[in-house]
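As structure tokens, the structure follows; a few thoughts come after it.
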Amino acid sequence: NNGGGGRAARGSLRRGPPAMEGGALPIRRHRRALVRAVSERPFLIVTGETGSGKSTQLPKYLYEAGLAKHGAIGVTQPRRVATISVAQRVAEEMGCALGGVVGYQVRFDDCSSEETAIKYMTDGCLLRHILADPLLSKYSIIILDEAHERSLSTDILFGLLKKLFLQNKPPGRKTEMKVVVMSATLEVDKLSEFFGHCSVLHIPGRSYPVKEIFCNLLSPRDTGSSAYAVKVTLDIHLNEAEGDILVFLTGQIEIEKACDLLFKKAETIDYRYEVHDQSVEGLLILPLYGSMSTDQQKRIFLPAPKGIRKCVVSTNIAATSLTIEGVRYVVDSGFVKQLNHNPRVGLDILEVVPISKSEAMQRAGRAGRTSSGKSYRLYSTEFWEQCMPDHTVPEIKRTSLTSVILTLKCLSVHDVIRFPYLDRPEERHILEALKQLYQCDAIDRRGHVTRLGEFLVQFPLPPNLSCAVIKAASLDCEDMLLPIAAMLSVENVFIRPGDPQKQKEAELQHQELSSQVGGCNDFATLLNIFEQCKSPSAWCHKYWIHWRAVKSALSVEKQLREITNKLKQLPDFPKETFEGSRTELLRRCLCAGYFINVARRSAARTFCTMDGHGSIVYIHPSSTLYNQETRLEWIIFHDVTVTSKIYVRTVCPVRYEWVKDLLPRLHQIDAYELSSVAREEVTEEEITRWKHKEDLRRQCGLTKLEKRNDDKSIQDARARYLERKQQRAQGLSGPLKETS
DNA sequence: GAGCACTGC
């Protein structure tokens, strides 16, 4: 490869200075206007592309103008890494130690002090602060950055801050709160209208033009075959000038296959005759996705050797979370994997869906960070027009709202349906959440938060899991439940190697871990792993366990333990006793949280859920109870996944006596009743009267007709899954052969 | 007899 290929390829591409100093940024000319706008009005929107310097400079300007005298400036980011790195840069620019005037706080890592006047934090962190201090009395200004990403927490903060302002300087606040929303140029009119038609300031960014090319390879029926991506990538490599390539695909399997194929094709290239740009002498192919180890991920950021073109094949992680310098060409499959919640069947379905137009522009923008670039879209203009929405549906409209609604209720937002949402979730999503909260006794029949609900909201966990934890704490056996809750909130701890031989070995070891605790309870297996695995030792290697995942579980467990200890000191924290075996105790605690996820065995190896949907589910083959179905009757499970079948994962058998008293609660109250109590105070008589009104029942999506539709939506999801699987199997050999 | 996009507290 090192035949002395002449021109210095990569150096000449990097025109932008490696780190822009505050003084050179475009935002500087707007300093006065920004400070004036913030001091004069309660709300301000600042728009600008990446590279405008708004995240680092604006808080500094406001601080230097003396606007942080009566309270700190809080700046939120959707991601931890970004939060810390922005804080570091600002502290450096202002010449102070991090944690002093400039600080940050993210989960597990608080680097701030009494002195901190500019505090960067994740949006989730600010939401936690609000729970402890609803008036945010320590802050004079809140800046919500990256608002266009519309994270769940940012969306909730929008509504809460708007409400806080409408209270018009409530007692307890020294000064009026100021709110600045920073966003890419996206749906700005809607945002401005939401905040009472507030002013919008635009800061020009610093990026280079990107040419957008439609390759017309994908018909609307295809779901992102990696074969087309490989073809286009090779075309770029052979025909385009130096510069790195970034390919967007949907998932690990597509990426690994595309990389294999790309490698095979690239090996056969004769660089003397086939390559247009003679300074290009090789191709370095690198996969990138979230479940890769951090060390593997780091390789992506190393510059390729001289003359070698780097090609990163990535999931959406490269769209926002990780930035790769030097990319000049983007290949966009037009698809993304998205988790969508279906409230009527109560299931989350991970689907491959077309990206939105704004997401496509975001992907294209990755080619114009250091020089002008090109974005190759595998799809056609018809696909662009007909299949791709303008904007991505915000998370709040796609996700289960149980935790969010509980948070709002704890902040005395009684009417959760008419809360000022920038984008209102469908009513049935809210009703489903209310129903679930009622079922686990977090709210009462009137929709008011209970004492238990106040305990539950303290945990960074889904309410049903918090329920199990509290039950355990009341029985003084939280040592069993805290590790399980932690293990269930981190990524999968079981390593699943690609090689079939190794896969078998890994399966045997996982089975062994389960047998050590009786071999019939997936939750107990997690506890077993947590207790045995305390360092990245040979143990992890032997049992095929992800150390990174267990390590995060250790931090989560510590945090949960601290919260539990605090709650247990409260005089009204429940106390119970239990006589029985340890395994029964564990399973009973799990029942307290998961009785909504109880299922009874139906025909052959299937189970029927008891949540009112009566879905037919199968035990996932990764469970230790797989193949033991006929010996079981009642089970509880942690979650559901819809692929070729509806599978339940993380399962344990229970006895009917343990859940029989809890089950009636699942049918005691219907969503429509809670719909009414969510809006206003109603009497018990009214609730009873409504109970029999069939039209209301219809409104809340519980009719047989709608249930059939939902069965259809699951059928569709399964059909799409199988189609994708087939495409993956044949697509790679198919279309590419014609062109090679 | 299977598959896990990405965040966050």
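Small disclaimer: the values here were computed from a predicted structure and weren't measured. Lettering follows sequence order; numbering is per chain, from 1.
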Comparing Q105(A) and Y626(A) on DNA chain B - which has the more 5′ nearest nucleotide: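 Nearest-nucleotide comparison on DNA chain B picks Y626(A).
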Between L288(A) and F459(A), just flag the one whose closest nucleotide in DNA chain B comes earlier from the 5' side.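 Of the two residues, L288(A) wins.
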Counting side-chain heavy atoms from C-beta on, which of [options] comes nearest to [X]?
| X | options | answer |
| --- | --- | --- |
| R107(A) | dG1(B), dC9(B), dG8(B) | dC9(B) |
| H620(A) | dA5(B), dA2(B), dC9(B) | dA2(B) |
| R80(A) | dA2(B), dG8(B), dC4(B) | dG8(B) |
| S644(A) | dA2(B), dT7(B), dG1(B) | dA2(B) |
| T122(A) | dA5(B), dA2(B), dG8(B) | dG8(B) |

Could you check how far [atom1] of [X] sits from [atom2] of [N], rounded to whole Å?
| X | N | atom1 | atom2 | answer |
| --- | --- | --- | --- | --- |
| D123(A) | dC9(B) | CG | P | 8 Å |
| R79(A) | dC9(B) | CZ | C1' | 16 Å |
| E629(A) | dG1(B) | CD | P | 10 Å |
| L152(A) | dC6(B) | CG | C1' | 13 Å |
| L144(A) | dG8(B) | CG | P | 17 Å |
| I646(A) | dA2(B) | CD1 | P | 15 Å |
| N627(A) | dG1(B) | CG | P | 8 Å |

Report yes if a donor N or O on one partner sits less than 3.5 Å from an acceptor N or O on the other, where the partners are the side chain of E507(A) and the base of dA2(B); otherwise report no.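 Present.
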Measure distances between side-chain N and O atoms of N316(A) and base N and O atoms of dC6(B), and say whether any donor-acceptor pair falls under 3.5 Å.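 Looking at the base of dC6(B), it does not pair with any donor or acceptor on the side chain of N316(A) (distance under 3.5 Å).
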Reckon R128(A) has a side-chain N or O less than 4.0 Å from the OP1 or OP2 of dG8(B)?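 Checking R128(A) against dG8(B): no side-chain N or O falls below 4.0 Å of OP1 or OP2.
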Any luck finding a side-chain donor-acceptor pair between Q436(A) and N464(A) under 3.5 Å?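 The answer is no; no qualifying pair exists.
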Shortest non-hydrogen contact between A318(A) and I324(A), atoms and distance: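 Heavy atoms only, the tightest pair is CB-CD1, 4.3 Å.
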Can you check whether F383(A) and F335(A) have ring centres sitting under 6.0 Å from each other?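 Ring-ring flag for F383(A)/F335(A): true, centres closer than 6.0 Å.
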Do E562(A) and K566(A) sit within salt-bridge range, that is, some charged N less than 4.0 Å from a carboxylate O?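 The answer is no: the pair does not qualify as a salt bridge.
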Under 4.0 Å between a side-chain nitrogen and a carboxylate oxygen: does that hold for E507(A) and K502(A)?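 K502(A) and E507(A): not salt-bridged.
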